[in-house]
Amino acid sequence: MRVALFLTCVNDTLYPDTGRAVVKLLTRLGVEVDFPMAQTCCGQAHYNTGYRHEAEPLARHFSDVFAEYEAIVTPSGSCGAMVRELYPRMGARARAEGHGDTLAATLERVVPKTYELTEFLVDVLGVTDVGASYPHQVTYHPTCHGLRSLGLGDRPRRLLEAVKGLELVELPGAEECCGFGGTFAVKNPDVSAAMGTGKVRNAESTGAEVLCAADNSCLMHIGGTMTRLDSAMRPVHIAEILASTEEEPAV
């Protein structure tokens with residue numbers, strides 16, 4: 001199977017190891033992974049800040065870049081949700097404003113075949129045991145976009161539970177937002193910081209070494225909070241855990 005890796009802006013700029021982990025993991029599972037060099041921002045930041053029309057050219061470009069692939073895989077619940085949930089809304093709004101069906105038709109080429117990583121592993125490849133080894137205590141935070149927009153459900157947990165040596169510890173208040181929310185953290189810094197502190201304190205109460213999530217945007221916020229609170233925990237993307245093996249262990 002030939003798929004495209006949609007890495008996203010945040011991962012490309014700040015967390016390239018997550019992208020490398022995705023390639024390592026999928027290649028190990030027999031998937032041919034391409035990285036289209038023409039990929040750019042999906043338009044999520046623009047759309048969520050109220051600049052829908054400015055997001056449209058980015059969405060069109062996304063479709064042009066990725067349309068030829070059998071599947072598009074991203075290690076980001078929020079950007080996956082942008083394509084799957086909000087691209088159809090963009091097309092519908094353009095139609096309602098009298099601009100015809102062109103945008104909707106263009107975006108429909110990529111919407112149904114865009115998958116968040118854990119979705120792709122469980123639903124498309126049909127695997128939960130990916131041959132990973134990660135001998136650490138881990139607690140899992142289900143991010144808002146993955147939980148509420150994509151409906152990832154227990155897919156990430158099933159993958160983590162199958163990792164050799166990993167002890168999964170329940171996170172109190174797991175379904176509560178960490179407080180990031182993209183521009184929410186900028187517009188409401190005090191509320192965002194308080195929510196982040198609550199999330200970290202709950203994570204610390206588990207005694208786990210690692211807090212895991214499927215979106216580095218949220219992990220960036222949580223990790224920054226951990227640093228400010230001088231926490232001994234560390235944030236790790238689920239892709240890096242699933243890519244870890246006994247022969248090539250992740251840190």
Side-chain angles (χ1 to χ4, degrees), residues 3-15 18-19 22 39-52 54-63 65-67 69 71-94 103-104 106-124 140-157 159 174-187 192 195 199 212-222 235 237-239:
V3 308
L5 170 60
F6 168 39
L7 186 55
T8 79
C9 305
V10 168
N11 288 321
D12 186 47
T13 306
L14 299 174
Y15 302 102
T18 296
V22 174
Q39 65 181 282
T40 60
C41 176
C42 64
Q44 181 191 179
H46 308 68
Y47 186 95
N48 288 347
T49 313
Y51 294 95
R52 177 170 58 88
E54 287 77 5
E56 289 180 3
L58 293 167
R60 290 180 185 274
H61 180 72
F62 181 96
S63 182
V65 169
F66 288 102
Y69 292 94
I72 304 151
V73 181
T74 181
S76 168
S78 59
C79 293
M82 175 65 185
V83 177
R84 287 253 299 279
E85 182 180 41
L86 300 183
Y87 276 13
R89 293 187 190 181
M90 291 172 68
R93 287 290 298 276
L103 181 61
T106 298
L107 301 184
E108 185 57 33
R109 298 183 298 170
V110 293
V111 170
K113 57 183 179 180
T114 298
Y115 298 91
E116 185 274 334
L117 175 64
T118 65
E119 268 187 317
F120 181 75
L121 293 171
V122 175
D123 295 353
V124 180
Y140 169 68
H141 166 60
T143 63
C144 293
H145 283 96
L147 181 68
R148 298 176 177 87
S149 296
L150 294 178
L152 295 183
D154 68 348
R155 293 174 183 85
R157 292 183 59 89
L159 289 159
E175 296 187 357
E176 296 174 6
C177 178
C178 72
F180 178 61
T183 53
F184 174 84
V186 177
K187 296 176 180 178
S192 174
M195 293 171 74
K199 180 62 66 174
C212 165
D215 202 317
N216 271 327
S217 297
C218 298
L219 287 174
M220 176 176 64
H221 178 65
I222 293 169
H237 193 284
I238 193 171

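What you see is a predicted model; the values in this text were computed from it and never measured. Below, all heavy atoms of this structure are taken into account, side chains as well, without hydrogens, waters or symmetry copies.
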- Sequence-distant partners of Arg52, salt bridge (charged side-chain N to carboxylate O under 4.0 Å, His left out), two or more places apart: Glu56, Glu97
- Message: Test of understanding: with salt bridge (charged side-chain N to carboxylate O under 4.0 Å, His left out), list the residues that count as partners of Glu116, not counting sequence neighbours.
- Response: none
- Message: My understanding is that only residues two or more places apart in sequence, or in another chain, count here; which of them pass side-chain contact (heavy atoms from CB on, under 4.5 Å) with Arg60?
- Response: Thr102, Leu103, Thr106
- Query: Any donor and acceptor pair, going by atom type alone, linking the side chain of Lys199 with main-chain N or O of Ala174 inside 3.5 Å?
  - Reply: yes
- Query: Looking at CG of Leu107 and CZ of Arg89, how far apart are the two atoms once the value is rounded to the nearest 0.5 Å?
  - Reply: 14.0 Å
- Rounded distance (nearest 0.5 Å) linking atom CG of Leu219 with atom SG of Cys212: 7.5 Å
- Task: Apply side-chain hydrogen bond (donor to acceptor under 3.5 Å, both in side chains) to Thr8 and list each qualifying residue two or more places apart in sequence or on a separate chain.
- Result: Asn11
- Counting distance only, does the side-chain N/O of Arg157 pair as donor-acceptor with the main-chain N or O of Asp154 below 3.5 Å? no
- Item | ring-ring contact (aromatic ring centres under 6.0 Å, His included) partners for Tyr87, two or more places apart | Phe62
- Working to the nearest 0.5 Å, report the span between CE of Met220 and SG of Cys178. 9.5 Å
- Name all residues meeting the side-chain contact (heavy atoms from CB on, under 4.5 Å) criterion together with Ser149; count only those two or more places apart in sequence or in a different chain, and write none if there are none. Ala81, Glu85, His145
- Item | Atom of Cys42, atom of Phe6 and distance for their closest heavy-atom approach | CB-CZ, 3.7 Å
- Message: As an exercise, state the distance from CE of Met82 to OG of Ser76, rounded to the nearest 0.5 Å.
- Response: 11.5 Å
- Task: Can you see which heavy atom on Leu5 is nearest to which on Pro75, and at what distance?
- Result: CD1-CD, 4.0 Å
- Item | Spacing of CZ belonging to Arg148 relative to OG1 belonging to Thr143, to within rounding of 0.5 Å | 9.0 Å
- Item | 4.5 Å side-chain heavy-atom contact, Leu121 and Arg155 | no
